[in-house]
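Below is one structure, written out as C-alpha cells, with a few remarks after it.
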Amino acid sequence: MPEPWSNEQFMAQLRKVGESRYHDKHPYHVRMHEGKLSPEQVRGWVANRFYYQKNIPVKDALILSKLPSREDRRDWIQRIIDHDGRGDDEGGIEAWVRLGEAVGIPREEMLDERHVLPAVRFAVDAYVNFCRLRPWPEAVASSLTELFAPTLVSSRIGVFEKLYPWIRPEGLEYFRARLHQAPRDADQGVGLVMRECKTRKEQEAAVAALSFKCDVLWALLDALSLAYPDEENRA
Ligand code: AHQ
C-alpha cells in the first residue's frame, strides 16, 4: 500500500472531487443560475430537495450514534438541531417548507411527498444507508460536499432574488442560515476526517465517500431533468 498523503495532499484530493463532480456543475443548476428555469422546474426542485433535507438529521443521527467521543458528539449534535430546530428555532426543515410555500407549493404537498420522484428517493435513501452502514469516518467524509456549498448557496440567494422575483423573499431564509452553518460543519468534518483517516487506504476511502455523495446530489438533479425537461426538450 502506498504511503499516506500529507494533510495538504489529502485536502487537495478531496477538493479535486468537488472541482470535477460537485452539483454546481449540473445542467439543472447551471440553468437555474442563468435564470432559465420555469416556475414548474423550480417547484420540482424545491419539492424534491425537501426529501433530501428532511433526511439530513436522520443520517446525522446515524453518524452521531457511531461517534466514539463525547466531545465529537457535542459538536456533531448541532447539525441535527440546525435541521429539526429546538425551542423557538423551528429549524431548517420548517424553513424549507416555507421555501415551498414561497414558490407556490402548499405545505401539505411538501409534507406528503407527493412530488418526490422515485430516483430522488433512491438517491437520498442510498445516502442515508451509506451513513448507516459505513465506518463513521467515511460517513463524515461524505458530508464534505459542504466544502463547496457556501459558494453555490450564496450565489443562489442572489440568483433567486434577481432572476426569480416571483419567489417570495422570506423563502430564502433557509439558504441564509446555511451560509454560516455549512462552513462550521465543513471545518468540523475536515478535522474529524484528517484526524481519523491515517492510512492511505482510509484516505482513499474518504475520497471515494465524497465522490459517492457527489453522485447522490448529481442523480437527484438527473431525475429532475427527466421529469421537468426544458421547453425545447419536451417530447
Ligand atoms: O442544505 C444542505 C444541507 O443541510 C446539507 C448537509 C450536508 C451533509 O451533511 O451532507 N450537505 C448539505 C447540502 C445542503 N444544501 C445543498 C445545496 O446545494 O443547497 C448542498 C448540500 C451539500 O453540499 O452536501
Evaluate the side chain to side chain contact (heavy atoms under 4.5 Å, CB included) criterion for residues His115 and Phe50: first the C-alpha distance (whole Å), next the side-chain angles of each, then the deciding distance (0.1 Å), finally the verdict. CA-CA 10 Å; His115 299 299; Phe50 180 65; over 6 Å; no
pair [X]-[Y]: side-chain heavy atoms closer than 4.5 Å:
| X | Y | result |
| --- | --- | --- |
| Arg184 | Asp82 | yes |
| Glu19 | Phe148 | no |
| Tyr52 | Val120 | no |
| Arg79 | Pro57 | no |
| Leu147 | Tyr22 | no |
| Ile63 | Trp76 | yes |
| Glu202 | Glu138 | no |
| Val128 | Arg132 | yes |

Determine the minimum heavy-atom distance between [X] and [Y], stating which atoms define it.
| X | Y | value |
| --- | --- | --- |
| His23 | His29 | O-ND1, 2.8 Å |
| Val124 | Leu220 | CG2-CD1, 4.3 Å |
| Ser225 | Tyr28 | OG-CD1, 3.6 Å |
| Gly18 | Lys25 | O-NZ, 3.2 Å |
| Trp166 | Pro39 | CZ2-CA, 3.5 Å |
| Gln41 | Lys36 | OE1-O, 3.9 Å |

Are any of the side-chain nitrogens in [X] or [Y] under 4.0 Å away from the carboxylate oxygens of its partner?
| X | Y | answer |
| --- | --- | --- |
| Lys54 | Asp84 | no |
| Glu170 | Arg98 | no |
| Asp185 | Arg178 | yes |
| Glu101 | Arg168 | no |

side-chain hydrogen bond (donor to acceptor under 3.5 Å, both in side chains) for Gln53 and Arg49? Distances and angles first, verdict last. CA-CA 6 Å; Gln53 298 301 144; Arg49 266 291 304 274; 2.4 Å; yes
Within a reach of under 6.0 Å around [atom1] of [X], are more than 12 heavy atoms found that belong to other residues, nucleotides or ligands?
| X | atom1 | value |
| --- | --- | --- |
| Lys198 | NZ | yes |
| Arg114 | CZ | yes |
| Arg176 | CZ | yes |

Between Glu173 and Glu94, does a side chain to side chain contact (heavy atoms under 4.5 Å, CB included) hold up when you go through it step by step? CA-CA 10 Å; Glu173 270 321 297; Glu94 174 57 28; over 6 Å; no
Is the NZ or CZ atom of Arg121 both under 6.0 Å from the centre of the six-membered ring of Tyr51 and within 45° of that ring's axis?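 Here Arg121 passes the 6.0 Å and 45° test against Tyr51.
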Are the aromatic ring centres of His26 and Trp218 under 6.0 angstrom apart?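 Centroid separation for His26 and Trp218: below 6.0 Å.
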